[in-house]
There are 2 protein chains.
Amino acid sequence: MTSTDAPHAHGREATTPPVRPTKQRRAVAEALASFGDFRSAQEIHGSLTERGEKVGLATVYRTLQLLSDSGEVDMLRTEEGEAIYRRCSATHHHHLVCRQCGATVEVEGPAVERWTRAIAAEHGYADIAHTLELFGTCRSCAV
Amino acid sequence: MTSTDAPHAHGREATTPPVRPTKQRRAVAEALASFGDFRSAQEIHGSLTERGEKVGLATVYRTLQLLSDSGEVDMLRTEEGEAIYRRCSATHHHHLVCRQCGATVEVEGPAVERWTRAIAAEHGYADIAHTLELFGTCRSCAV
DNA sequence: GCTCAGTTGACAATCATTCTCAATCGATTG
DNA sequence: CAATCGATTGAGAATGATTGTCAACTGAGC
Ligand SMILES: [Zn+2]
Ligand SMILES: [Zn+2]
Ligand SMILES: [Zn+2]
Ligand SMILES: [Zn+2]
């Protein structure tokens, strides 16, 4: 979704805290891998709890933050503003999401990416990022 | 919400609450008209309070909800998930927003709209809606 | 003026998300 | 294996936006 993130990470690179692969982090990552659609932090935490994986809610949030920052998962917001996460492919893409069942399709639009850059240039905006999501009703959820 | 709805839509009944133009609603609308960029409900409420307009925070939220539902104002969410509002033109458009100063440009992309419909059809999704926002750094905010 | 549904506002209640910080973990060295 | 020490965790408190509650208020129509 958001592309072309700020490339200039202002100074202070000396502090690069090692990210340890802990049991909890693995649990969250595996949970994400087991879903095909976007889930909220609360849902993921609930799912883990059900399976007997005891992971604190705060840890789930922290891990999702990490994964999201590193680009391993995509994060977007529901109409209500709640953050939801999904394990996605590495290439830049957008989403077509069923608002009934959540079924998600990754879509690409080279033309849209081009359009984005053109618009930005035309108005003199630099360091552009964009969000683009499609919501609809999938075939199996149609009346 | 949808309760005891008459099966036969004889005229209009349950869903036509008269919207009275009150002092408070006018105040919120005027505040929105005076801004050129997106503002949060809290900011708008603060702005009104400063000017001496005594409007309750809940009323600001309710009015923004009304205006947003009626399409008179656009609502989108910040990266942090906070809802922000802006008085926009009536035609369908998207936004190019400076992440520093909030300067907003309305942009149109017929090609993008076409692409949206094509993608939706291709995957059998109906009743499509889409969100598309561009964030960047405007010329005057550039280093 | 009188009525009554729409409206308001002070305040409580939700709810997602973040913060705090003592206890625990785990890679590493000896 | 044991000691070390910063990274990590989790229970609970705290935050902050948004919504719900409900008695008091407003105003258009009679
Ligand atoms: Zn994705
Ligand atoms: Zn569906
Ligand atoms: Zn707009
Ligand atoms: Zn700017």
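Note on naming: letters A, B, ... go to the chains in the order of the sequence lines (proteins, then strands), and numbering restarts at 1 for each one.
Counting all heavy atoms, side chain and backbone alike, A:Ala120 lies closest to B:Leu96 at CA-CD2, 4.5 Å.
Rounded to whole Å, the distance from CZ on B:Arg26 to P on D:dT26 is 15 Å. The separation between B:Leu57 atom CG and C:dA10 atom P is 10 Å, rounded to whole Å.
With distances taken from any side-chain atom of A:Tyr61 to the nucleotides D:dA17, C:dA16, D:dT9, the minimum falls on C:dA16. For B:Arg25, taking side-chain heavy atoms from C-beta onward, the closest of the listed nucleotides C:dT7, C:dT17, D:dG10 is C:dT7.
Of the residues in residues 30-43 of chain B, not one places a heavy atom less than 4.0 Å from an atom of DNA chain C.
Applying the side chain to side chain donor-acceptor pair (under 3.5 Å) rule to pairs touching residues 64-76 of chain B yields B:Asp74-B:His93, B:Asp74-B:His95, sequence neighbours excluded.
Between the side chains of B:Glu106 and B:Ser89, at least one donor N or O sits under 3.5 Å from an acceptor N or O. Side-chain contact check for B:Glu108 and B:His92: no donor-acceptor pair (N or O, by modelled atom type) lies under 3.5 Å.
Note that CZ of B:Phe35 and CD1 of B:Ile44 are 6.0 Å apart. Values are rounded to the nearest 0.5 Å. In this structure, CD on B:Glu43 lies 6.5 Å from CD on B:Glu82, to the nearest 0.5 angstrom.
Between B:His94 and B:His130, the angle of the ring planes lies from 30° to 60°, which puts this pair in the tilted group.
A salt bridge does not link A:Glu30 to A:Arg87: none of the charged nitrogens lies less than 4.0 Å from a carboxylate oxygen.
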- Would you mind building the protein contact string for nucleotides 19-28 of chain C? One character per nucleotide, 5' to 3', B for base within reach (heavy atoms under 4.0 Å), S for sugar-phosphate only, - for untouched. BB----B---
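The shortest distance between the side-chain N/O atoms of A:Gln65 and the OP1/OP2 oxygens of C:dT17 is not below 4.0 Å.
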